[in-house]
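Each chain gets a letter, A, B and so on, in the order its sequence line appears, and its residues count up from 1. All figures in this text were calculated on a predicted structure; none of them were measured in a lab.
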There are 2 protein chains.
Amino acid sequence: MPKENQKAVERIEYELTTLIRRAVYLDISDKKIGHLERAVYLLLRHLDEFGPSRLKELAETFNLDISTLSRQASAIEAKGYILRFSDPTDGRVSLFKLTELGREKLITDKKMRIERYHTMLEDWSYEEKKVFGELLVRMNEALID
Amino acid sequence: MPKENQKAVERIEYELTTLIRRAVYLDISDKKIGHLERAVYLLLRHLDEFGPSRLKELAETFNLDISTLSRQASAIEAKGYILRFSDPTDGRVSLFKLTELGREKLITDKKMRIERYHTMLEDWSYEEKKVFGELLVRMNEALID
DNA sequence: TTATATGTTTGTATTATACAAGTATATGAC
DNA sequence: GTCATATACTTGTATAATACAAACATATAA
């Protein structure tokens, strides 16, 4: 059924475009989840998941210019969420790692975000949530290129 | 199984955050889909779907300030994609509608976007695409608040 | 008919971003 | 070993999207 397949893809295109708009807004608005801005949350999450990272790595992860990450990291460092230290094997490299405060902030924020998703999805069955999560993983793989 | 349910929600939170970052990047990068910027695409799509609209309506739809929409609409009007006309029942109101050029651009762009999704999802079964689309619809409903 | 409300535009400030130039360190050729 | 080049990062500058506030035009209601 190529026609139904076409419809399904069209719906995904439509709904994903809508979802991105709404989700980005939600992150910016008063109703935003937690205390951390999205960029900060993602950076802390990356450090938590992958350990100490250099600017170049972060820039590539987020598809942003190194100069942008340089400023972001400095701002987050100034807040005390991350710590800068020199790579002992290469004096040019600044590595960043989470501070205890940063880790606490990340955990708190993650909890709040997950709590919000619990509420939003409270009338979904476990099976539906499971399948949606799995399909999102595949969608993310597809988006890498 | 509350524990598995928890894991499923955590995964959704994680993957959606990732998806938004990747998708927003894809819209900005060289690899961006089609010719229209996301804001323009969404505005044209709204006019196509809901017919002539006033600024206030567009601003609410996109959760943006009216002044922002005022400038966006002027820019899109200058490109010839939309047309401004006065509401005959209320002289304060500017209504906007698609021009023929605007509709053509929208159709072309939508085709390209859908084509890209076809490619990205080519190894998904029809059933998977169908379910994903349905769950996205529900996710979007959940996001409205 | 005048005060107030509504819809839009315009002025201004802020923020996130990219690109380019500059600085510090490392590496490799000789 | 020294110098040219490469790499990692920072800083200067420009741009674009945005919000907020003030201004302006039109409508509504007392």
Side-chain angles (χ1 to χ4, degrees), chain A residues 17 20-32 35-44 46-47 52-79 82-97, chain B residues 17 20-32 35-44 46-47 52-79 82-97:
Chain A
T17 317
I20 289 157
R21 178 162 55 67
R22 291 198 182 147
V24 168
Y25 165 69
L26 210 60
D27 264 351
I28 294 165
S29 73
D30 300 342
K31 300 167 201 148
K32 91 169 157 222
H35 308 296
L36 305 175
E37 285 148 49
R38 194 155 54 94
V40 179
Y41 180 69
L42 288 168
L43 193 144
L44 298 186
H46 180 89
L47 294 184
S53 311
R54 60 168 65 186
L55 283 178
K56 200 186 169 192
E57 177 188 342
L58 296 168
E60 279 165 6
T61 300
F62 302 125
N63 294 309
L64 294 172
D65 195 83
I66 293 181
S67 66
T68 302
L69 258 294
S70 173
R71 292 179 224 262
Q72 280 185 7
S74 296
I76 298 170
E77 187 191 13
K79 286 184 178 164
I82 61 177
L83 197 71
R84 180 196 305 256
F85 61 105
S86 239
D87 185 332
T89 72
D90 185 339
R92 295 168 299 180
V93 174
S94 279
L95 292 170
F96 294 91
K97 66 175 177 185
Chain B
T17 317
I20 289 157
R21 177 163 57 66
R22 292 199 182 148
V24 168
Y25 166 69
L26 210 61
D27 263 352
I28 294 164
S29 73
D30 299 344
K31 301 166 200 147
K32 92 169 158 221
H35 308 297
L36 305 175
E37 286 147 51
R38 195 157 52 97
V40 179
Y41 180 69
L42 287 168
L43 193 145
L44 298 186
H46 181 89
L47 296 183
S53 311
R54 60 168 66 186
L55 283 178
K56 200 185 169 194
E57 177 187 341
L58 295 169
E60 281 165 5
T61 300
F62 302 124
N63 294 310
L64 294 172
D65 194 83
I66 293 182
S67 66
T68 302
L69 257 295
S70 173
R71 291 177 225 261
Q72 278 185 6
S74 296
I76 298 171
E77 186 191 12
K79 286 184 179 164
I82 60 177
L83 197 72
R84 179 196 305 255
F85 61 104
S86 239
D87 186 333
T89 73
D90 185 340
R92 294 168 300 183
V93 175
S94 279
L95 291 170
F96 294 90
K97 66 176 177 184

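- Residues passing the side-chain contact (heavy atoms from CB on, under 4.5 Å) test with B/E60, sequence neighbours excluded: B/K56.
- The phosphate of D/dA8 has OP1 or OP2 within less than 4.0 Å of a side-chain N or O from A/R54.
- Between A/D87 atom CG and D/dC9 atom C1' there is a gap of 13 Å when expressed in whole angstrom units.
- Note: A/R84 CZ to A/L55 CG = 7.0 Å, rounded to the nearest 0.5 Å.
- Between the side chain of B/S70 and the backbone N or O of B/I66, no donor-acceptor pair lies under 3.5 Å.
- Note on B/S70: a side-chain N or O is less than 4.0 Å away from OP1 or OP2 of C/dT9.
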Q. Can you list the steps and then say if B/Q72 with B/F62 is a side chain to side chain contact (heavy atoms under 4.5 Å, CB included)?
A. CA-CA 12 Å; B/Q72 278 185 6; B/F62 302 124; 5.6 Å; no

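- A/L44 places a side-chain heavy atom less than 4.5 Å from the side chain of A/I76.
- When rounded to the nearest whole Å, the span between CZ of B/R84 and P of C/dG7 equals 16 Å.
- Rounded to whole Å, the distance from CZ on B/F96 to C1' on C/dG7 is 11 Å.
- The closest side-chain heavy-atom distance from B/L69 to B/L43 is below 4.5 Å.
- Distance CG (B/L69) to C1' (D/dC20): 15 Å, rounded to an integer number of Å.
- Note that CG of B/L26 is 9.0 Å distant from CG of A/N63, once rounded to the nearest 0.5 Å.
- Between B/L58 and B/L47 there is a side-chain heavy-atom pair separated by less than 4.5 Å.
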At a cut-off of 3.5 Å, list every protein nitrogen or oxygen paired with a nitrogen or oxygen from nucleotides 16-18 of chain C, distance to 0.1 Å.
| residue | atom | partner | partner atom | Å |
| --- | --- | --- | --- | --- |
| C/dT17 | OP2 | A/Q72 | NE2 | 2.5 |
| C/dA18 | OP2 | A/D65 | N | 2.7 |
| C/dA18 | OP2 | A/T68 | OG1 | 2.8 |
| C/dA18 | N6 | A/R71 | NH2 | 3.3 |

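- Within 4.0 Å of B/R38, counting heavy atoms only, lies no atom of the nucleic acid at all.
- Rounded to whole Å, the distance from CG on B/L58 to P on C/dT9 is 11 Å.
- The NZ atom of B/K56 sits 16 Å away from the C1' atom of C/dT9 (whole-angstrom rounding).
- A donor-acceptor contact shorter than 3.5 Å links the side chain of A/R21 to the backbone of B/T61.
- Judged by atom type and distance alone, A/R92 reaches the base of D/dT7 through a side-chain donor-acceptor pair under 3.5 Å.
- The side chain of B/V93 lies closest to C/dT8, out of D/dA8, D/dA25, C/dT8.
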Give each protein N/O atom lying under 3.5 Å from an N/O atom of nucleotides 1-4 of chain D, with the pair distance.
none

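- The CD-C1' distance, from B/E77 to C/dT9, rounds to 13 Å in whole Å.
- Comparing A/G91 and B/D90 along DNA chain C, the residue whose closest nucleotide (by nearest heavy atom) sits nearer the 5' end is B/D90.
- Distance A/E57 CD to D/dA8 P: 12 Å, rounded to the nearest Å.
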